[in-house]
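Accompanying notes for the structure given below.
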Amino acid sequence: MTDFSIIDKLKRSKILDLLQEGKRIDGRALDEHRTLDVVTGVIPHANGSARVRLGDTEVVAGVKIQPDRPFPDTGDRGIFICTAEILPLAHPSAETGPPQPPVIELARVVDRGIRESGMIDLSQCVLEENKSVIGIFSDNVVTDHDGNLFDTCSYASVAAIMTSKMPKWEMKDDKPVLVEGEEGDTPITTIPVSVTMGRIGEFILADPNIDEWACLDARITITTNSDGNIVALQKGGKDGFTYEQIVKCSEISISSGAKIREIIKKAVGETQ
Amino acid sequence: MTDFSIIDKLKRSKILDLLQEGKRIDGRALDEHRTLDVVTGVIPHANGSARVRLGDTEVVAGVKIQPDRPFPDTGDRGIFICTAEILPLAHPSAETGPPQPPVIELARVVDRGIRESGMIDLSQCVLEENKSVIGIFSDNVVTDHDGNLFDTCSYASVAAIMTSKMPKWEMKDDKPVLVEGEEGDTPITTIPVSVTMGRIGEFILADPNIDEWACLDARITITTNSDGNIVALQKGGKDGFTYEQIVKCSEISISSGAKIREIIKKAVGETQ
Amino acid sequence: MTDFSIIDKLKRSKILDLLQEGKRIDGRALDEHRTLDVVTGVIPHANGSARVRLGDTEVVAGVKIQPDRPFPDTGDRGIFICTAEILPLAHPSAETGPPQPPVIELARVVDRGIRESGMIDLSQCVLEENKSVIGIFSDNVVTDHDGNLFDTCSYASVAAIMTSKMPKWEMKDDKPVLVEGEEGDTPITTIPVSVTMGRIGEFILADPNIDEWACLDARITITTNSDGNIVALQKGGKDGFTYEQIVKCSEISISSGAKIREIIKKAVGETQ
Amino acid sequence: MVINLGGRKSDMVLLDENGIRCDGRKVNETRKVTIKAGVLKNASGSAYIEFGGNKILAGVFGPRDVHPKHMSNPDTGILRVRYHMEPFSVGERKNPAPSRREIEISKVIKEALEPAVMLEKFPRTAVDVFLEILQADGGTRCAALDAASVALADAGIPMRDLVCACASGKAGDALILDVNNEEDQAGQADMPIGYMPNLGKITLLQLDGVLTPDEFNKCIELGVEGCKKVYEIQKNALREKYFSKGD
Amino acid sequence: MVINLGGRKSDMVLLDENGIRCDGRKVNETRKVTIKAGVLKNASGSAYIEFGGNKILAGVFGPRDVHPKHMSNPDTGILRVRYHMEPFSVGERKNPAPSRREIEISKVIKEALEPAVMLEKFPRTAVDVFLEILQADGGTRCAALDAASVALADAGIPMRDLVCACASGKAGDALILDVNNEEDQAGQADMPIGYMPNLGKITLLQLDGVLTPDEFNKCIELGVEGCKKVYEIQKNALREKYFSKGD
Amino acid sequence: MVINLGGRKSDMVLLDENGIRCDGRKVNETRKVTIKAGVLKNASGSAYIEFGGNKILAGVFGPRDVHPKHMSNPDTGILRVRYHMEPFSVGERKNPAPSRREIEISKVIKEALEPAVMLEKFPRTAVDVFLEILQADGGTRCAALDAASVALADAGIPMRDLVCACASGKAGDALILDVNNEEDQAGQADMPIGYMPNLGKITLLQLDGVLTPDEFNKCIELGVEGCKKVYEIQKNALREKYFSKGD
């Protein structure tokens, strides 16, 4: 039903053949993520940072925390914004210039996964209500692209936020002034973990690599919180899922999400 | 003297042949507008709105009224801004992307016709001089394009403004605060009506439809106010007019303008 | 080592042949600028202005002086910004649209030459510290392009700034208010002069014209102040310089700079 | 168990003690939906939908040539979708520049329609779907997708099925059908669903908010029921246009 | 009869009791106009005009190839016009980005020049006219059009006629010729006119402000008279360049 | 003699009475430099440099086709360089839009690399160099140029020489090597230098600040010495990648 280039069609037929034997091209189980490597504190000048490799996909996330004006309708909460960019050195096909729809979707899905989980308690990020709040910016840059940027960016931002330190400001003459030498932990309430899966024919694959990605029928990203509840979801791709397939994906997202959450917690703890 | 595509040349020769017999392709008199249908209140969430069909050209106008900062040199008057956009579903040739010169001209001519008539008494739209005023935005979107967008947008905005209700704000702590449940009429002083005419050879045609539009030598839009005076004019197109032709156009704009003003008044009254 | 079009290669071989005989195509000495003509006060509505012709290259510079907000980290100093634009009528190859890298470099090099010299004492351009300062904008437009825009823009801006008059403002209700009829001199501390040189083979040419420019191996712009010290430098072009060549260029920039400074001073004095 | 409310505030009463919602509906009730096919003269196909307070116009052009040519696909047609809000469609006047939100929704709707449209029958061409939000009131992406399907059918584009769409969600601790604007802003979860009934495929699915795994499953089921109700209205709109004249 | 003043304010005294305007002119007098042809080295044709305080440079290139090619017309040449204000040309420094006003004026001037230029002699090519406003003082579009005509003639482009331009208008209840900046800001009407004397054609016409039908007709007549005065100055500028050397 | 300090402020103590700089270095000492070649999977060549607090990633693609084709040169390959700062690389979060500063530095680095790359061997193609500033700490353009050279060599692009780079400058009235961020902000002069040791050519040279002619000459000499130290580290990085495995 969906259409692919000749190369992708050949790839797809090879991948489908293997799947029918229960195998993936890189030997993983269907619901298995690639090796996840998380290093935090890689950008000391940022308030928090992490470099994450998921297989051969690599993302650097940096968190900047600085005073900002609140949004007009939410003067009692801080600001959280998460971005994502595919650097042109990440892949021969990556482009410079204004972000295209797939990159805009990437950034917005990563942002919503974290935002909707309520990971950061933004009510603790107010300097003066309706006037001055704390803004938390988590910028992800993809430095090597081997598929599944959704999860890699999400893990990088989550690790960067968890290890970020929040400076202190006081209001003086209606303006926020930095209190030198004092900083606290960023108020974290839960650890959101996104799990992206693709469908090829009847098979559901967790964490598709770039070759699998090129011949997916459809994909789905489901984010769960520390309670094991579902906090965000995004379906993508040129085809759909049956109800049963989606229920299966939600189950994978909860079980795999729990494992990945432990890896992130361990990595964050080690460098803290 | 002017140049057209082959199709347009054939159209033009057909149209000219008919004109020499005193006829237009759709059977109208030379100074006759197409049927004008005005429905107001079509966007209840806006402060004022109208859907206008002029023949098969359709425009929806919505008016938003909200506090704004005054322009630096006119701190004693509110702000009025009128825009126009040709939606891509209005015609196969319509394009998305940044507005091209013809659409910019369209918006500016419609804006000036209303602005220069002094239709809205902007001196009554001040909350605190030099600090906070009321901004009135009338946005026109073309949903079906069958020629003469100038007049259709103008009628839509005029009807939307005439039926708009103005909320009340009070200044508190230097900021405008909405007074719930109170609203008044927008202060109207006159009803501007634009009349657009085209020249083909020696013939002057009011309200050219899209086929006539494609082979005009030149066009002119003249706006008159309720007093029957001329308040704005724009000549366009690749050729000119003689003095006599322009005088004739001004006469048509006054006589046709008066008839159209009555149609608008009736439509607005019926829904008020 | 560097690559040129066929025409430029022929030009280059012709120019090189002449250079080997010690001659330039227009008969100048190697370290000689073209005739410099400076007229100030050409835009009476601006606070300062100049039209400069260097050979057949012509630039008009206009200075606007107006209150502005200071940059966050330099609230105790005024703002100086210098821009440059190649107008499309200046040369058949000039383009409209967003500025390309060579024009951005041009503007930034001209700006830095003046800024780094400390020509304007910006500490005297403060109305209220951290709140309101005086902004000085020097905009260069190239009206005829016959090579070496760097120096021509630089001389035009320097002459326009030297002849500019600074209005007076007083702070009232936290806002700067113009004091009518009072104006003073812009506080000038030194006169920066840029000297641009190109290398063709082993030869260093001052003020290359457009034909020489097209076949340079590399170029260098060195700006000196009234003390004969070096305040800014920019190397450009597809090849490099030896240490000895750069020392030679710096010597030319000091000696030629001194001569050009006298021409500018004379031109400025005559019209003041 | 107290559920983490995530990034949302919920101080508004969205459900009263009798299980009645802020706009008077029951939890499993949709707002009033009316669809009219063939409302524009120039578009190849068109539809106008009112879905509660949402007022949306859909227009379709094509199959037509693609410019620039290298954007076309020799093996299949391509579908292009633009979701666009008018400046007057929302509370505060919207800046006319396309927002990142509009770009994402355009992509999501495109991917929801692709499985339904037989693009392989029109290699090298494009089918363009333009969705104009005249008034927004919560659930625009579902309503726009509903109108898009009808406009594609009205344009005579061969389709495997109509895509019908409706959101489900959670507010006042109850699962609800067809989330309105207040429930989207202050509720606990919003889950827009696009569905092809004949093929049993979910082609649009998003979720913002917090749901337990059990709630998640029930929420999808509830949303699919809503989609099926809209499906009947879509089919009626097409019947009305193509068969009412022969009555 | 009291005339509705429309959207304008008029609290400035623009005409004294002796019928003398704020800059000392009589009602039917233009400001001083000087035009010089052939002022640039690189442009195919050029002109510099001072029209009162307006200082404008016009440069013409072409006929030349069009890039991208699909913009060219196999039946005729095309005319492209850019009207552009320098940042220092107006009171407060102008943002360098092209404004919507500049885009509209570029179009209006282009359409005013098209009837005069024999573009049909240069199929597939473009003639580019660049108009640079160095200093603006009311009436820039007319002055720019005047300079453009001379620059086109200087470039040797075949023309049916020169287009000459001058505004008329109303201030202090009198009809006036050549509206200056103060009169444009605080007056009652401004009507820029572009005219081809040999063909008797008005090719640019705009009006902002309020005029009775009778005033409207008189205002056009007055403006055309002004155009004819400018026409003589245009012709002199060309004569000066092409024949003065032979004196 | 008191030297005019130009446009700079200098109220910070950048050099103590023992000639020790604010970060503990001697005047002719560089910060710690480490370079690693071949750090990315997808790029044809890559390098990661830490130069003091600067952390920069360089990636190279090509020679590869040029789109659009008219940008290619039938006589030679072209080099394209993009210098780009991440939003989190500087003190206050940087706006992601490319700044004029980044565009200028991209051009300057491109021109510094061109004499070293044998582009004439790859007519009609492009070599792309992408320089990503992960953390900036004064001297990014030199460090980026150092990484670019190693990444080009790692990509197997034929080169005449590596380009090595290091800044010299003036602070606290002394000439200093490798200007750090504080010295750049509050010092007297900053002069980035790019150098090809085998050919003895300076291919990048800029100066902001005030130097006497004598200081100017000494400053270049000092900077070139710094470049040569970096050159050894560059060669080691390549040796490490290509020969360490054979140990």
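In what follows, every chain begins at residue 1, and chains take the letters A, B, ... in the order their sequences are listed.
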Pair Q234(B)-R219(B), side-chain donor/acceptor within less than 3.5 Å: no
Applying a strict 4.5 Å limit to non-hydrogen atoms, the region of V90(D) in contact with chain B is backbone
Which members of residues 91-113 of chain D, sorted by number, sit under 4.5 angstrom from chain B on a heavy-atom basis? G91(D), E92(D), R93(D)
Can any side-chain N or O of Q234(D) pair as donor or acceptor with the backbone N or O of V163(D) at less than 3.5 Å? yes
Structural part of T83(B) lying under 4.5 Å from a heavy atom of chain D: side chain
Within the 4.5 Å heavy-atom criterion, are M159(D) and M196(D) side-chain neighbours or not? no
Looking at chain B, which one of S44(D), A43(D), P87(D) has the largest number of heavy-atom pairs inside 4.5 Å, strictly under? P87(D)
Using atom types as modelled and distance alone, determine if a side-chain donor or acceptor of N42(D) lies under 3.5 Å from a backbone N or O of H145(B). yes
Using the rule side-chain hydrogen bond (donor to acceptor under 3.5 Å, both in side chains), only one of D207(B), N148(B), D26(B) pairs with R34(B); which is it? D207(B)
Against chain D, label P44(B) side chain, backbone, both or neither, depending on which of its atoms sit under 4.5 Å from a heavy atom there. both
Segment of A58(D) engaging chain B (4.5 angstrom heavy-atom cut-off): backbone
For Q206(D) and R141(D), test the side chains for any donor-to-acceptor distance below 3.5 angstrom and give the result as yes or no. yes
Pair E120(D) + R160(D), salt bridge at N-O below 4.0 Å: yes
So which residue, L57(D), L40(D), V60(D), ends up with the most heavy-atom pairs under 4.5 Å with chain B? L40(D)
